[in-house]
Number of protein chains: 2
Amino acid sequence: MGSKKKWWQGKMKKAGLRLTAPRLSIIDVLIHSDDHPSAEEIYLALRRQYKKHTIGLTTIYRTLDILVQLGIVYKFDFGDGRTRYELSEGPNGFHHHHHLVCNGCGHIVDYTDFIDEEKELLDRTEKGLAKKYNFSIHHHLIQFYGLCEHCR
Amino acid sequence: MGSKKKWWQGKMKKAGLRLTAPRLSIIDVLIHSDDHPSAEEIYLALRRQYKKHTIGLTTIYRTLDILVQLGIVYKFDFGDGRTRYELSEGPNGFHHHHHLVCNGCGHIVDYTDFIDEEKELLDRTEKGLAKKYNFSIHHHLIQFYGLCEHCR
DNA sequence: TTATTAGTGGAAACCATTATCAATTACTGT
DNA sequence: ACAGTAATTGATAATGGTTTCCACTAATAA
Ligand SMILES: [Mn+2]
Ligand SMILES: [Mn+2]
Ligand SMILES: [Zn+2]
Ligand SMILES: [Zn+2]
């Protein structure tokens with residue numbers, strides 16, 4: 001029962017990385033977060049959680065970089081001056097979605113609407129671009145910007 | 001002949017902004033640029049151009065903000081730590097395109113492939129999202145990330 | 001255990017962007 | 001043209017998110 005392998009542990013081990021307490025804690029914060037925390041927000045969440053030993057902000061940045069590299073975490077710029085992060089896979093498998101950003105208050109909406117039709121077109125576009133421009137394409141980013149009902 | 005009104009001049013006048021030399025120079029750099037210069041790159045281009053009087057970096061940032069606000073210029077984050085800019089309209093009218101980013105060397109490709117099919121889907125998606133989440137959507141961002149043939 | 005290597009975190013440095021503010025410039029009305 | 005005024009400029013200083021440094025600690029190997 002203690003042997004329940006989390007999906008990211010394999011990835012980290014395979015990359016020759018140690019499963020340290022700080023790293024696991026950081027992933028844990030992301031798992032239990034329902035939005036897109038910045039490095040500092042993760043740092044503060046961990047401070048609240050473990051009053052005694054604080055995990056350094058440096059470690060947060062380093063770990064996030066690693067997790068992004070491994071594809072465990074996605075990294076976003078929503079235009080508020082800080083990089084924001086999100087787990088690439090939810091507890092129930094992949095949770096492919098994109099973002100709707102309010103230019104007024106910065107509120108972010110995760111949406112999955114039209115994702116299937118989009119996927120079809122994006123796949124086609126990716127193939128086309130890859131061939132035409134000799135790129136190997138790894139991922140894409142789609143964001144809509146506007147004003148939420150409160151900021152309108 | 002000197003009365004040839006450039007399309008952005010109307011927008012600026014209408015917004016109550018003065019058509020100063022620095023502002024016109026900055027737009028000029030963007031017009032003659034075929035890529036996506038950062039504020040500093042625009043600053044350096046202007047220094048090369050006008051040996052005598054240098055336009056301050058502060059003015060560049062301020063002007064770019066204004067131009068973005070007016071929709072004359074688009075603003076991008078391609079992940080290299082500096083904001084990059086591009087005119088929203090080319091000499092021959094709108095030039096709607098998106099970007100392909102090389103994670104290796106940072107090279108950016110402007111592409112217009114599949115833009116029509118994309119437009120159709122995006123319009124539909126925008127309408128759907130606007131209604132469902134009560135957003136007024138103003139624009140969207142699409143970027144593909146990968147490795148160019150040289151960095152592969 | 002000892003040796004070796006990976007990981008940590010406080011402090012200092014970095015660097016793109018923003019705020020300040022005195023001097024200059026563009027526009028308005030005379 | 002001229003003066004009045006409010007907008008604009010730009011050198012300098014400050015800000016703030018992120019990185020670098022490096023001595024120390026923890027994990028793995030021999
Ligand atoms: Mn999300
Ligand atoms: Mn472009
Ligand atoms: Zn809002
Ligand atoms: Zn490349």
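Because the structure is predicted, anything quoted here is derived from the model rather than measured. Letters A, B, ... mirror the listed sequences (proteins, then strands); counts begin at 1.
- One can place CZ of A:R82 at 14 Å from P of D:dT19, the figure rounded to the nearest angstrom.
- Taking atom CD on A:E40 and atom C1' on D:dT15, their separation rounds to 14 Å, with Å as the unit.
- For B:Q143 and B:H99, the side-chain atoms include no donor-acceptor pair closer than 3.5 Å.
- Rounded to whole angstrom, the span from the CZ atom of B:R47 across to the C1' atom of D:dG10 amounts to 13 Å.
- Classification of the A:Y74-A:H139 ring pair by plane angle, with boundaries at 30° and 60°, yields parallel.
- In this structure, the NZ atom of A:K13 is 12 Å from the C1' atom of D:dT28, given to the nearest Å.
- Backbone-only engagement by B:T20 is indicated by non-hydrogen atom pairs under 4.0 Å involving sugar-phosphate atoms exclusively.
- Residue A:D80 contributes atom CG, which lies 9 Å from atom P of D:dT18 at whole-angstrom precision.
- Nucleotide C:dG7 holds its C1' atom 16 Å from the CG atom of A:L57, rounded to whole Å.
- The residue A:S38 sits apart from the nucleic acid: no heavy atom pair falls under 4.0 Å.
- Contact between the side-chain N/O atoms of A:H53 and the OP1/OP2 oxygens of C:dT8 is not found at any separation under 4.0 Å.
- Between A:T63 and A:I55, every side-chain heavy-atom pair lies at or beyond the 4.5 Å cut-off.
- When each of D:dT8, C:dG9, D:dG10 is scored by its nearest atom to the side-chain atoms of A:I55, the top-ranked nucleotide is C:dG9.
- OP1 or OP2 of D:dT8 has not a single side-chain nitrogen or oxygen of B:R62 nearer than 4.0 Å.
- Residues B:D65 and B:A21 each lie close to DNA chain C; by heavy-atom proximity, the contact nearer the 5' end of the strand is made by B:D65.
- Comparing D:dT9, D:dT28, D:dG10 by their nearest atom to the side chain of A:R18 picks out D:dT28.
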Problem set entry | Audit row: B:E41, B:R82, salt bridge (Lys or Arg N to Asp or Glu O under 4.0 Å) steps and yes/no | CA-CA 10 Å; B:E41 284 168 358; B:R82 48 195 66 199; 5.1 Å; no
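- One atom, OH of B:Y43, and another, P of D:dT9, lie 15 Å apart when rounded to the nearest Å.
- With A:D113 as the fixed residue, the salt bridge (charged side-chain N to carboxylate O under 4.0 Å, His left out) test singles out one of B:K127, B:K132, B:R124: B:K132.
- OP1 or OP2 of C:dT18 has not a single side-chain nitrogen or oxygen of B:Y61 nearer than 4.0 Å.
- One N or O donor and one acceptor, one from the side chain of B:T58 and one from the base of C:dA19, sit under 3.5 Å apart.
- Closest to the side chain of B:T59, from the set C:dT8, D:dA11, D:dG10, is D:dG10.
- Summarising the geometry, the separation between CZ on B:F78 and P on C:dA16 is reported as 17 Å, rounded to the nearest angstrom.
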